[in-house]
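Written out below as structure tokens is the structure these notes cover.
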Number of protein chains: 2
Amino acid sequence: MTKRTVTIAEVAKHAGVAVSTVSYVLSGKRVISADTRRRVLDSVRALGYHPNAGARALASRRANVIALVLPLRAGMHVPVLMQFASSVVTAARGFDHDVLLLTADEGPGGLRRAVGSALVDGLVLMDVELNDPRVPLLRELAEPSVLIGFPADSAGLTCVDLDFAAAGRRCVAHLAERGHREVALLGAPAVVYERGTGFARRTREGFEAAIAEHGLRGVALPCEEAFAQVQATVRELLAARPGLTGLVVHNEAAVNHVLETLRQLGRRVPEDVAVVAICPDDVAERAGPPLTSVLVPAEEVGREAVRLLMDKLDGRAVPEATLLEPRLTVRASS
Amino acid sequence: MTKRTVTIAEVAKHAGVAVSTVSYVLSGKRVISADTRRRVLDSVRALGYHPNAGARALASRRANVIALVLPLRAGMHVPVLMQFASSVVTAARGFDHDVLLLTADEGPGGLRRAVGSALVDGLVLMDVELNDPRVPLLRELAEPSVLIGFPADSAGLTCVDLDFAAAGRRCVAHLAERGHREVALLGAPAVVYERGTGFARRTREGFEAAIAEHGLRGVALPCEEAFAQVQATVRELLAARPGLTGLVVHNEAAVNHVLETLRQLGRRVPEDVAVVAICPDDVAERAGPPLTSVLVPAEEVGREAVRLLMDKLDGRAVPEATLLEPRLTVRASS
DNA sequence: CTGGATTGTCGAAGCGCTTCGATTAAGGGC
DNA sequence: GCCCTTAATCGAAGCGCTTCGACAATCCAG
């Protein structure tokens, strides 16, 4: 069907116009008469023309590609990353851009190379931590960029994330509304807090602020993910706080273990203990019972990140911080 | 530090050589004296030179980029995809290639565009199903490619995957060795079999072949993922087959629910029922008790896919099918 | 009518790189 | 010592596209 490789010159000849006219039809950067435009587009279709990406990038100094930079230890916090990635690609395609996948494993050289070689026009960094080593590099490169997550010093950077503090508050507010007076947060494993991962800390801060505000009693505890450890944590928690009737779980790997332990201890959910989780919807829906939850809106975060980056690439001003509102879905656990 | 954008001409001037000499030093395609080479490389470093990717692609007709094509409904089978992606990127970088992320959501046009515009030199398709719509397109495009997973008709295509049939057999063999005589496979949700997803079916076939071979009694059942449904399935299974003492679970979302149900029914693992899972190591390790498991070696599959693609790009012959041997890790559940 | 805008199209000059001869300088056989 | 290799480097011609200035044709105010 289509010839081996069709160039703009062949399209121009086929349509009986100059090469530059074809280019202007395709880019819309100059006015071309409707008649000519139609003929050109017909030729494009007839020949199966696709502009050569390299040539275009070279001439226009725009690759129309953005980089999506994976976090360092890809092992962590994994399932949601794929959703980010997927939505970033979809959103970018909506702006006629492609997405290059980069890992931070390659070190600073990798980013420097991608930017220096003009492979990409901008960067989206996923899962940024409080003291992320990619951040100083980013400042040095001065390439348009958007971070998913907040570093310790976010001055001058464009960051997007779910408002985890609000999510923590939202969960507590929900439990307070339901009449619970003593609650607890089971969060990420201790090592995650130590590493300074923003989302874990911010949820805890939101949780603590909200229990103060609502006049509840409560604690925030880290929570490991192995069954035996979860079991021990939950046992100790309930033993230490017999009056506890509300639980916020921000740990999707542990949440099923938490539920099982409650059942083992004879605590019914939601009659004896109400549970609210911060986790993806599929985990919440599959749990027994299905969990009232706040979702990390990966889809929306990715889309927003791309939108912001496109604004920056086009020289528009963007807000430094974009925090997405948590939405709580009530299911059977509260 | 580094100037705005350094070109090869500036490097050449700085080193006192011709532009082409710099190019040959960098590509190694012609012999350059050790002395000149050193001077050129010094200049490259001093100026912070990065070859412009677009120009290079245009002149050499090689983008040094491969496409990684996500499956259609990214929702399915998700966590492992990120591991694939990550290992594909790492492997590709080892061959001095970058990775462009494409979704199948964009439809055939997306692939056609990426290939037609010479954005990419080759394709890796993730999570290929038996009747994957991307496959006919791939044949039409005739672009070097490697599939992760096997379509119904894989003639002429290069495919890589874990040998799921062998994995199913391996699990049964392990249970047979431990003296179990009646076993069952709890697999993917019914809809996955109906869609014709290769890995689910092949595991079941391996399982069925192996129980025949070892003279065991057994059934293979699909398994939904919601807690209540898993519970019902396990209850019915145990009621129908009181002599059952071995379970193979090929469903990482359901496996914790299966374990809880066994506990509820008073069946101890491994004393009363042995469980072997096909799932990522982290899920197996976090379970209670930690599960004997066969891992989907995502890391290795990704690396292998890239190696094969590079061979094809360099015109080397490659085997059509590459099946990776399953490795079984014995933990506390068998 | 005429002259200055406006509209639509063309041609050519790059963008930064690779690659193909061509060229020069040594090296070696006789 | 001469001629033919071989080794090392150079120069120039593109690769396919965008973009700028120029130009012809059309328009409309005066």
Side-chain angles (χ1 to χ4, degrees), chain A residues 2-41 43-44 47-65 96 113 115-121, chain B residues 2-41 43-44 47-65 96 113 115-121:
Chain A
T2 57
K3 233 188 60 181
R4 285 255 297 90
T5 189
V6 185
T7 71
I8 196 173
E10 301 174 51
V11 175
K13 174 141 39 127
H14 187 274
V17 299
V19 161
S20 51
T21 302
V22 176
S23 177
Y24 286 126
V25 166
L26 263 26
S27 70
K29 293 194 179 170
R30 281 200 186 173
V31 187
I32 298 290
S33 69
D35 182 55
T36 305
R37 181 202 315 295
R38 198 187 33 67
R39 261 186 309 132
V40 168
L41 292 177
S43 298
V44 164
L47 300 178
Y49 171 65
H50 291 279
N52 182 96
R56 179 172 273 196
L58 180 56
S60 68
R61 327 188 118 274
R62 280 290 243 104
N64 275 38
V65 174
D96 199 34
R113 183 189 54 86
V115 169
S117 66
L119 241 183
V120 301
D121 306 318
Chain B
T2 58
K3 234 188 60 185
R4 285 255 297 89
T5 188
V6 185
T7 72
I8 197 173
E10 300 175 51
V11 175
K13 174 143 36 129
H14 187 273
V17 299
V19 162
S20 51
T21 302
V22 176
S23 177
Y24 285 126
V25 166
L26 262 26
S27 70
K29 292 193 180 171
R30 280 198 186 173
V31 187
I32 299 290
S33 70
D35 182 54
T36 305
R37 182 202 317 295
R38 199 186 34 66
R39 258 186 311 136
V40 168
L41 292 178
S43 298
V44 164
L47 300 177
Y49 170 65
H50 291 280
N52 182 96
R56 178 173 274 196
L58 179 57
S60 68
R61 327 188 120 274
R62 279 290 242 102
N64 276 38
V65 174
D96 199 34
R113 182 189 54 86
V115 169
S117 66
L119 241 185
V120 301
D121 307 317

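Computed from a predicted structure; not experimentally measured. In what follows, every chain begins at residue 1, and chains take the letters A, B, ... in the order their sequences are listed.
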**Prompt:** Which comes earlier along DNA chain D counting from the 5' end, the contact point of B:Ala34 or that of A:Ala55, where each point is its nearest nucleotide?
**Reply:** B:Ala34
**Message:** Distance check, rounded to the nearest 0.5 Å: B:Leu47 atom CG versus B:His14 atom NE2?
**Reply:** 5.0 Å
**Asked** Rounded to whole angstrom units, what separation is found between the NE2 atom of A:His50 and the P atom of D:dC17?
**Response** 12 Å
Listed pairs under 3.5 Å, donor-acceptor, residues 28-37 of chain A side chains, sequence neighbours left out:
from: A:Ser33; atom 1: OG; to: A:Thr36; atom 2: N; distance (Å): 3.3
from: A:Ser33; atom 1: OG; to: A:Thr36; atom 2: OG1; distance (Å): 2.9
from: A:Asp35; atom 1: OD1; to: A:Arg38; atom 2: NH2; distance (Å): 3.0
from: A:Arg37; atom 1: NH2; to: A:Ile32; atom 2: O; distance (Å): 3.3

**Message:** How long is the straight-line distance from OG1 of B:Thr7 back to NZ of B:Lys13, given to the nearest 0.5 Å?
**Reply:** 9.0 Å
**Request:** To the nearest Å, give me how far apart CZ (A:Arg56) and P (C:dG16) are.
**Result:** 18 Å
**Request:** Return the 5'-most residue of the pair B:Val31, A:Asn52 with respect to DNA chain D, ranking by each residue's nearest nucleotide.
**Result:** B:Val31
**Fill in**
note: B:Arg37, atom CZ; D:dA7, atom P; distance rounded to Å ~ 14 Å
**Prompt:** Is there a donor and acceptor pair closer than 3.5 Å between the side chain of B:Arg30 and the base of C:dG21?
**Reply:** yes
**Item:** Phosphate OP1/OP2 of D:dC17 contacted by A:Arg61 side-chain N/O (<4.0 Å)
**Value:** no
**Asked** To the nearest 0.5 Å, how far apart are CG in A:Leu41 and CG in A:Leu26?
**Response** 7.0 Å
**Asked** Which listed nucleotide (D:dC17, C:dG8, C:dG16) is nearest to the side chain of A:Ile8?
**Response** D:dC17
**Fill in**
side-chain contact (heavy atoms from CB on, under 4.5 Å) test vs A:Val44 passes for just one of A:Val6, A:Val11, A:Ile8, namely A:Val11
**Request:** Rounded to the nearest angstrom, tell me the gap between atom CZ in A:Arg62 and atom P in D:dG16.
**Result:** 23 Å
**Request:** Please check if the side chain of A:Ser43 supplies one atom and the backbone of A:Arg39 the other of a donor-acceptor pair under 3.5 Å.
**Result:** yes
**Complete:** Contact check, residues 17-27 of chain B vs DNA chain D, heavy-atom distance under 4.0 Å, returns B:Val17, B:Ala18, B:Ser20, B:Thr21, B:Tyr24
**Message:** Between P on C:dC15 and CG on A:Asn64, what's the gap in Å once rounded to a whole number?
**Reply:** 20 Å
**Request:** Please determine if a side-chain N or O atom of B:Lys29 lies less than 4.0 Å away from the OP1 or OP2 oxygen of C:dT19.
**Result:** yes
**Message:** So does A:Asn64 get a backbone contact from the side chain of A:Asp96, meaning a donor-acceptor N/O pair under 3.5 Å?
**Reply:** no
**Side chain of B:Ser60 - closest among C:dT18, D:dC17, C:dG16** = C:dT18
**Item:** Spacing between A:Leu119 atom CG and C:dC17 atom C1', to the nearest angstrom
**Value:** 14 Å
**Request:** Could you tell me the separation between the CG atom of A:Leu58 and the P atom of D:dT18, rounded to a whole number of Å?
**Result:** 11 Å
**Asked** Rounding to a whole Å, what distance do you find between A:Arg38:CZ and C:dT9:C1'?
**Response** 17 Å
